[in-house]
Amino acid sequence: MRIDIFTIFPDFFKVLDVSLLGKAQTSGTLEIQTHNLRDWAEGPHRSVDDTPYGGGAGMVMRADIWLNALESVLSSLPENSSEEHASGSQQAILVPSPSGVRLTQELAQRLSTYQQLTFCCGRYEGIDARFVEALKDQEGPEVIEFSLGDYVLNGGESATVVAIEAIARLVPEVIGNQESLTEESHGESGLLEYPIYTRPAEVAGLGIPEVLKSGNHADINAWRHDRALEKTAEVRPDLLQIGGKARANLSTYDR
Ligand code: SAM
């Protein structure tokens, strides 16, 4: 997968060279390129923003500079084949925004199958609305404005790091043991993950549930399902409402 990131703070993304994503870049599974938006700006200060039409506080990033920047990089990438166009876009432009659609595991899963993702990190009061409007008007990659949650960050950089981590770990070969992805929170079952334990067997006067030492996998699975269901009902009851995705019955495991 190829990832392009446009930002005025390229150094922010050094964090992606660490751990599993760093290894995935070394092995060639992931190729991440950052681009400094100021390279497309003019004038001694390479300014990328201006005051808002209509007045008000803060500055707004200029759509013309953003469009020029994307144009020069996207046009240098190999085009999708017509088959790929027909079967859905293999490229997407992702614009972090507090007013975008929520980044979910489902969206991350879908994007993990794409060949190329471009992230556009806004700063100040955000990017002139015509940037996304113009991208959507063009026949080109799918454009998705995404939000991490109902709060406001200073810039799109941290949202982009979160999104890349959520998406890239689902790309085959990025995580060594793919099995570890199957029973996670927000996965197929729609439940949060059950509590997990490791050695030592006692910590701060707390032991571990006997069933986990039983070696009986049917009992262990039933216990885990029940705990996952209980935790979801307690912490995120809303997840149990979504399309009946989560199996709402307690198992027959006898506690
Ligand atoms: N004026 C904007 C508003 O009220 O919606 C907020 C702009 S914010 C200070 C600057 C940038 O941070 C945004 O353009 C976006 O890239 C990013 N950002 C802020 N909150 C975000 C969130 N919850 N999810 C994703 N990106 C966010």
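What you see below is based on every heavy atom in this structure, not just the backbone, and it leaves out hydrogens, waters and symmetry mates. Whatever order the structure lists ligands and atoms in, that order sets their numbers, starting from 1.
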Can you confirm whether the side chains of Ser47 and Asp49 place a donor and an acceptor under 3.5 Å from each other? yes
Mark yes or no for whether Thr7, through its side chain, and Cys121, through its backbone, hold a donor-acceptor pair below 3.5 Å. no
Paired with Asp4, the side-chain hydrogen bond (donor to acceptor under 3.5 Å, both in side chains) test is passed by just one of His35, Gln91, Gln33, namely His35
Testing the basics here: between Asn216 and Asp219, what is the closest heavy-atom pair and its distance to 0.1 Å? OD1-N, 3.0 Å
Residue by residue, ordered by chain and number, which ones reach under 4.0 Å of ligand 1 with a heavy atom? Pro96, Ser97, Pro98, Gly122, Tyr124, Glu125, Gly126, Phe146, Ser147, Leu148, Gly149, Tyr151, Val152, Leu153, Asn154, Gly155, Gly156, Ala159
Is NZ or CZ of Arg38 both nearer than 6.0 Å to the six-membered ring centre of Trp40 and within 45° of the ring axis? no
With a 4.5 Å heavy-atom cut-off, do Arg102 and Asp150 have their side chains touching? yes
